[in-house]
Enquirer: 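Following this message is one structure expressed as structure tokens.
Computed from a predicted structure; not experimentally measured. One-based numbering along the sequence shown. Just follow the structure's listing: the first ligand is 1, and inside any ligand the first atom is 1.
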Amino acid sequence: MRLKDKVALITGGASGMGASTAQIFAREGARVVVADVADADGAKVAADIRAGGGGARFVRLDVTDEAAWMAAVAATMAEWGRIDILVNNAGISGSYPDPFDTGLWDRLMDINAKGVFLGMKAAIPEMVKRGAGSVVNISSISGFVGQKVVHMGYNASKAAVRVMTKSAAVQFAKDGVRVNSVHPGVMPPMRTSKLTADPAVRERLVRAIPMGRAGRIEEVANATLFLASDEASYVTGTELVVDGGFLAM
Ligand SMILES: NC(=O)c1ccc[n+]([C@@H]2O[C@H](COP(=O)([O-])OP(=O)(O)OC[C@H]3O[C@@H](n4cnc5c(N)ncnc54)[C@H](O)[C@@H]3O)[C@@H](O)[C@H]2O)c1
């Protein structure tokens, strides 16, 4: 098992790629904290893992709430005594019709960018104490390029994740903490997707992908698994793009 005896906290673990990551990590031997604002779905992901013989608990966490972050990490330490892996995956979509919605800019930066900063603020000190840890921040191809149907705040938030990952990688390498980013391409729509959930828009997006199809959630979760595991022991500050070749065009 690739994560035997490790403890992982995964934000946005109630849905999509976060839920898949929680399931795959548990299968690989990790005890998993599923952290989300979606209580019922998050509790179900944790219950399903336990029913399959794995270790999991649900913690309600709004990633924009610093106090809630401190409580989530404290709860993890109280239950399992360590935190080896943090996956900052929670996020909201920027595929909204109004390109100049200021309120959306604020929400995107709060959840997608500040939420990642707060997660690192809460978890990295515990990793530093043990001299080991792996943080995987979920960015996007939107952290590299602009897109027609995506609010610029989404691109800005994901670019912030991409570069703050490198800051943290450089600053905490001496402490044994690795920090990397994963950049999914076109995936199943997010819960909050609007334009990119439209079948006509999706068809156009998929046509631009060299592999000719959207990604599957477990294809991103498996990339995250590699970076989270000790197999990536010399990998820090890198960007792992999982996009069927989209950015290579
Ligand atoms: N779906 C895509 O096409 C795609 C592509 C590239 C990157 N991403 C990124 O991947 C990550 C996961 O996306 P997904 O497709 O699984 O989306 P999803 O909508 O299925 O899941 C996102 C989860 O984040 C949670 N969440 C939202 N706001 C939160 C908050 N303030 N605090 C805690 N949890 C919160 C939601 O409740 C949900 O469970 C996101 O960061 C997203 O930006 C998605």
Enquirer: Going only through I, L, V, M, F, W and Y residues with side-chain contacts under 4.5 Å, is there a path from Trp80 to Leu86?
Expert: yes
Enquirer: Considering only heavy atoms from C-beta outward, does the side chain of Val45 approach that of Phe58 to under 4.5 Å?
Expert: no
Enquirer: Which atoms of ligand 1 have any heavy atom of Asp62 under 4.0 Å away?
Expert: 30 (C), 31 (N), 32 (N)
Enquirer: Does ligand 1 have any atom that is closer than 4.0 Å to a heavy atom of Ala35?
Expert: no
Enquirer: Using the side chain to side chain contact (heavy atoms under 4.5 Å, CB included) definition, which of the options Asn155, Thr196, Val186 pairs with Gln147?
Expert: Asn155
Enquirer: Taking Asn137 as the fixed residue, which of Asn89, Asn180, Asn88 is the one that meets the side-chain hydrogen bond (donor to acceptor under 3.5 Å, both in side chains) rule?
Expert: Asn88
Enquirer: For ligand 1, is there an atom lying under 4.0 Å from some heavy atom of Val37?
Expert: yes
Enquirer: With atoms numbered from 1 as shown, which atoms in ligand 1 lie under 4.0 angstrom from a non-hydrogen atom of Gly16?
Expert: 16 (O), 20 (O)
Enquirer: I need the atoms of ligand 1 closer than 4.0 Å to a non-hydrogen atom of Ser15, numbered in the order shown.
Expert: 16 (O), 18 (P), 20 (O), 21 (O), 38 (C), 39 (O)
Enquirer: If you define the side chain from C-beta out and look only at heavy atoms, does anything of Asp243 sit under 4.5 Å from Ile209?
Expert: no
Enquirer: If we only count heavy atoms from C-beta on, is the Leu118 to Val63 side-chain gap below 4.5 Å?
Expert: no
Enquirer: With salt bridge (charged side-chain N to carboxylate O under 4.0 Å, His left out) as the criterion, how do Glu126 and Arg130 come out once you've worked through the C-alpha distance, each side chain's angles and the decisive distance to 0.1 Å?
Expert: CA-CA 7 Å; Glu126 294 298 343; Arg130 295 189 61 248; over 6 Å; no
Enquirer: Quick one: does ligand 1 sit under 4.0 Å from the side chain of Leu61, the backbone, both or neither, non-hydrogen atoms only?
Expert: backbone
Enquirer: May I ask you to identify, for Pro188, whether its side chain, its backbone, both or neither come under 4.0 Å of ligand 1 on a heavy-atom basis?
Expert: backbone
Enquirer: With a 4.0 Å cut-off on heavy atoms, is Lys158 in contact with ligand 1?
Expert: yes
Enquirer: What is the minimum heavy-atom distance between Ile92 and Thr192, and which atoms define it?
Expert: CA-OG1, 3.6 Å
Enquirer: Numbering the atoms of ligand 1 from 1, which are under 4.0 Å from a heavy atom of Gly185?
Expert: 3 (O), 5 (C), 6 (C)
Enquirer: Examine Ser140 against ligand 1 and note whether any of their N/O atoms are separated by less than 3.5 Å.
Expert: no
Enquirer: List the closest protein heavy-atom neighbour of atom 2 (C) of ligand 1: residue, atom name, distance to the nearest 0.1 Å.
Expert: Met187 CB, 3.5 Å
Enquirer: Looking only at distance, does Tyr154 have an N or O less than 3.5 Å from an N or O of ligand 1?
Expert: yes
Enquirer: Heavy-atom contacts with Ser139 under 4.0 Å: which atoms of ligand 1 show up? List them by number with element.
Expert: 7 (C), 9 (C)
Enquirer: Output yes when the distance from some N or O of ligand 1 to some N or O of Val63 is under 3.5 Å, and no in every other case.
Expert: yes
Enquirer: Heavy atoms only: which of Gly18, Ser142, Gly91, Ala197 is nearest to atom 22 (C) of ligand 1?
Expert: Gly91
Enquirer: Does ligand 1 have an atom that lies less than 4.0 angstrom from a heavy atom of Gly13?
Expert: no
